[in-house]
Amino acid sequence: MNIQIFGTKKCNDTKKAERFFKERGIKYQFVDMKEKGMSKGEFNSVAQANGGLENMINWDGKDKDLLALIKYIADEEKLQKVLENPSVIKTPVVRNGKLSTLGYQPEIWKKWQ
């Protein structure tokens with residue numbers, strides 16, 4: 001397994017995801033989205049595996065103005081706006097090769113082993 005966890009240090013679900021893999025002795029790479037974010041290729045791969053860009057966005061996030069802007073701008077601009085503002089992406093994003101999940105999904109991760 002080649003696990004990557006994209007999230008933030010303050011996100012409780014990200015911490016729970018890290019604990020899930022640590023407890024099972026599974027090595028993973030943590031990517032802090034506040035510092036690095038996701039590349040366009042990574043984002044597109046995860047979005048494709050999870051039903052598209054709309055599903056990647058945490059519509060219940062704090063920055064309502066930014067979320068409203070993303071909701072109503074042209075589709076071709078949405079991707080760039082989301083990549084510039086990784087705080088709107090649901091976390092954690094957990095990747096295992098071409099497989100990925102959004103949020104805390106231990107039932108799915110167990111099947112990866």
Side-chain angles (χ1 to χ4, degrees):
M1 278 197 290
N2 185 16
I3 303 293
Q4 283 182 304
I5 300 174
F6 292 86
T8 60
K9 291 178 178 141
K10 288 185 176 180
C11 172
N12 285 332
D13 282 346
T14 299
K15 289 178 193 172
K16 290 193 312 192
E18 286 188 271
R19 190 174 323 117
F20 175 90
F21 290 105
K22 254 185 212 157
E23 285 173 353
R24 286 156 180 78
I26 299 168
K27 289 183 180 163
Y28 63 88
Q29 174 193 8
F30 174 73
V31 180
D32 190 336
M33 296 217 317
K34 279 204 165 112
E35 291 172 19
K36 189 173 180 281
M38 296 176 94
S39 72
K40 191 173 185 176
E42 288 169 330
F43 183 88
N44 284 332
S45 169
V46 172
Q48 195 172 12
N50 289 286
L53 183 139
E54 297 286 326
N55 292 339
M56 295 284 295
I57 298 171
N58 178 8
W59 295 109
D60 299 325
K62 291 181 183 145
D63 193 338
K64 297 297 180 200
D65 292 340
L66 176 60
L67 289 166
L69 174 68
I70 289 169
K71 189 171 192 142
Y72 295 109
I73 60 175
D75 285 347
E76 55 275 4
E77 294 174 30
K78 276 184 188 178
L79 175 61
Q80 191 56 41
K81 190 55 83 177
V82 170
L83 291 174
E84 288 168 6
N85 300 281
S87 63
V88 302
I89 299 172
K90 284 180 190 166
T91 54
V93 175
V94 180
R95 288 183 71 197
N96 177 16
K98 295 216 178 285
L99 303 172
S100 67
T101 58
L102 301 172
Y104 184 67
Q105 304 275 351
E107 295 309 312
I108 294 173
W109 303 332
K110 285 177 187 169
K111 294 175 188 167
W112 289 354
Q113 296 175 23

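Side chains included, hydrogens not; waters and symmetry mates left out as well; all remaining heavy atoms used.
I89 has its side chain within reach of V82: a pair of non-hydrogen atoms, C-beta onward, lies under 4.5 Å apart. Side-chain atoms of T101 and V93, non-hydrogen and from C-beta on, never get closer than 4.5 Å to each other. Side-chain contact between E18 and I5 is present, with at least one heavy-atom pair separated by less than 4.5 Å. Counting heavy atoms from C-beta on, the side chains of D63 and V88 never come closer than 4.5 Å. The shortest side-chain heavy-atom distance between N96 and Y28 does not fall under the 4.5 Å cut-off. You'll find the side chain of V46 stays beyond 4.5 Å of the side chain of N44, heavy atoms only. Proximity of S45 to R95: side-chain heavy atoms (C-beta onward) are separated by under 4.5 Å at one or more points. A 4.5 Å side-chain heavy-atom check between L79 and K40 finds at least one atom pair inside the cut-off.
Taking both residues in full, the closest heavy atoms of K78 and E54 are given as NZ-OE2, 3.0 Å, listed atom of the first, atom of the second, then distance. Shown here for W59 and I70, the closest heavy-atom pair between the two residues is CH2-CG2, 4.2 Å. The heavy-atom pair separating C11 from T91 by the smallest distance is SG-OG1, 3.3 Å. The shortest heavy-atom contact between P86 and M33 is CG-O, 3.3 Å. Looking at every heavy atom in both residues, F30 comes nearest to T8 through CZ-C, 4.1 Å. Listed here is the closest heavy atom pair of T14 and G7: OG1-CA, 3.6 Å.
With rounding to the nearest 0.5 Å, the separation of NZ in K27 from CG in N2 is 11.5 Å. The CD atom of Q105 sits 10.0 Å away from the NZ atom of K111 when rounded to the nearest 0.5 Å. Between the CG atom in N58 and the CG atom in L67 there is a gap of 7.0 Å [rounded to 0.5 Å]. Here K22 contributes atom NZ and K15 contributes atom NZ; the two are 11.0 Å apart, rounded to the nearest 0.5 Å.
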Would you please test F6 and E42 for side-chain contact (heavy atoms from CB on, under 4.5 Å) and show each step? CA-CA 10 Å; F6 292 86; E42 288 169 330; 3.7 Å; yes

Kindly determine whether I26 and M1 satisfy side-chain contact (heavy atoms from CB on, under 4.5 Å), including the steps that lead there. CA-CA 8 Å; I26 299 168; M1 278 197 290; 3.5 Å; yes

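Both tests hold for R24 against F20: distance to the six-membered ring centre under 6.0 Å, angle to the ring axis within 45°.
I3 and L102 are members of different hydrophobic clusters when ILVMFWY side chains are connected at heavy-atom separations under 4.5 Å. V31 is connected to M56 through a chain of hydrophobic side-chain contacts under 4.5 Å among Ile, Leu, Val, Met, Phe, Trp and Tyr, so both are in one cluster.
Other residues, nucleotides and ligands contribute only 12 or fewer heavy atoms inside 6.0 Å of the CD atom of Q48. Within a 6.0 Å sphere centred on NZ of K81, heavy atoms belonging to other residues, nucleotides or ligands number 12 at most. Heavy-atom neighbours of K62 NZ from other residues, nucleotides or ligands within 6.0 Å: at or below the threshold of 12.
A donor-acceptor contact under 3.5 angstrom links the side chains of S100 and N50, judged on distance only.
With sequence neighbours excluded, no residue forms a salt bridge (charged side-chain N to carboxylate O under 4.0 Å, His left out) with E76. Scored by the salt bridge (charged side-chain N to carboxylate O under 4.0 Å, His left out) test, K9 finds D32, E35 as partners (sequence neighbours excluded).
Applying the ring pair (Phe, Tyr, Trp, His ring centres under 6.0 Å) test to residues at least two apart or on different chains, the pairs with a partner in residues 81-104 are Y104-W109.
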